[in-house]
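None of these values were measured; they are calculated from a predicted model. If you read the sequence from its start, that first residue is 1, and numbering goes on from there.
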Amino acid sequence: MLDDLREHDTLTVWKLDRLGRSTLHLMTILEELQQRGIHFHAITQGIDTSTAVGRMIFGQLAVFAEYERSLISERTKAGMAAAKARGVHVGRPQKIA
């Protein structure tokens with residue numbers, strides 16, 4: 001998708017964390033888009049990088065998106081560990097012989 005974007009296009013996503021997994025990854029993508037003359041818009045967060053305020057908010061929310069992603073991962077791992085401790089099978093169904 002990123003390769004198909006052209007100058008003056010706007011990349012629109014539902015939410016920032018749908019674009020990248022880490023702050024560094026998101027900032028790298030934004031830098032590439034800016035160099036190519038492409039704007040970015042996150043619908044639910046009102047981020048529009050065609051403005052200075054939008055670029056500042058993008059940077060701040062990128063940090064929070066990475067944080068949120070880390071929290072989800074930690075909670076998932078804790079839930080799986082708790083299920084295993086209760087004797088619940090976690091993962092793919094066991095192979096039937």
Side-chain angles (χ1 to χ4, degrees):
M1 168 201 55
L2 293 174
D3 292 337
D4 292 334
L5 294 168
R6 301 290 174 243
E7 187 174 3
H8 305 298
D9 283 349
T10 298
L11 172 60
T12 302
V13 297
W14 181 250
K15 192 174 175 186
L16 186 60
D17 63 357
R18 301 292 84 206
L19 179 62
R21 299 291 184 214
S22 70
T23 304
L24 179 59
H25 185 221
L26 289 166
M27 298 307 285
T28 301
I29 291 172
L30 180 61
E31 178 65 25
E32 178 188 331
L33 293 174
Q34 287 177 334
Q35 288 175 358
R36 293 172 53 197
I38 300 166
H39 300 295
F40 173 81
H41 180 231
I43 296 170
T44 60
Q45 296 161 313
I47 301 170
D48 179 357
T49 60
S50 66
T51 68
V53 171
R55 288 187 295 275
M56 177 197 64
I57 291 171
F58 179 96
Q60 292 174 337
L61 290 179
V63 172
F64 288 113
E66 181 176 355
Y67 171 69
E68 181 179 359
R69 185 80 183 144
S70 295
L71 283 180
I72 291 169
S73 177
E74 288 174 9
R75 287 192 298 254
T76 300
K77 289 175 184 175
M80 290 171 65
K84 280 185 178 182
R86 292 189 312 269
V88 176
H89 175 73
V90 177
R92 292 183 179 191
Q94 300 210 355
K95 186 176 179 181
I96 299 174

**Q** Output the distance between atom CE (M27) and atom CD1 (I29), rounded to the nearest 0.5 Å.
**A** 11.0 Å
**Q** Roughly how far, to the nearest 0.5 Å, is OG of S50 from CD of Q34?
**A** 10.5 Å
**Q** Any chance you could measure L19, atom CG, to M1, atom CE, to the nearest 0.5 Å?
**A** 6.5 Å
**Q** Is the backbone N or O of H39 less than 3.5 Å from a side-chain atom of T10, with the two atoms forming a donor-acceptor pair by type?
**A** no
**Q** Identify the heavy atoms of D4 and D9 that sit nearest to each other, and give their distance.
**A** O-OD2, 4.3 Å
**Q** What I'd like to find out is whether the side chain of F58 reaches to under 4.5 Å of the side chain of L26, using heavy atoms alone.
**A** yes
**Q** Given 3.5 Å as the limit, does a donor-acceptor pair link the side chain of Q45 with the main chain of L61, or not?
**A** no
**Q** Where the side chain of E66 meets the backbone of T23, is there a donor-acceptor pair that is under 3.5 Å apart?
**A** yes
**Q** Which heavy-atom pair separates A83 from V90 by the least distance, and what is that distance?
**A** CB-CG2, 3.9 Å
**Q** Between atom CG of L16 and atom NE2 of H41, what is the distance when rounded to the nearest 0.5 Å?
**A** 12.0 Å
**Q** Do V53 and I43 share a hydrophobic cluster, counting only Ile, Leu, Val, Met, Phe, Trp and Tyr and linking them when any side-chain heavy atoms are less than 4.5 Å apart?
**A** no
**Q** Under a 4.5 Å cut-off applied to non-hydrogen side-chain atoms, are T49 and L30 in contact?
**A** yes
**Q** First locate atom CD1 of I38, then atom CD of E7, and finally report the distance between them rounded to the nearest 0.5 Å.
**A** 8.5 Å
**Q** What's the spacing between D48 CG and R55 CZ if we round to 0.5 Å?
**A** 9.5 Å
**Q** Assigning hydrophobic clusters by single linkage (Ile, Leu, Val, Met, Phe, Trp, Tyr; side-chain heavy-atom cutoff under 4.5 Å), is F64 placed with I57?
**A** yes
**Q** W14 and I72: same hydrophobic cluster, using ILVMFWY side-chain contacts below 4.5 Å?
**A** no
**Q** Grab the two heavy atoms, one from D3 and one from R36, that are nearest each other, plus how far apart they are.
**A** O-NH2, 3.9 Å
**Q** Give the C-alpha distance, both sets of side-chain angles, the deciding distance and a yes or no for side-chain contact (heavy atoms from CB on, under 4.5 Å) between V13 and F40.
**A** CA-CA 8 Å; V13 297; F40 173 81; 3.5 Å; yes
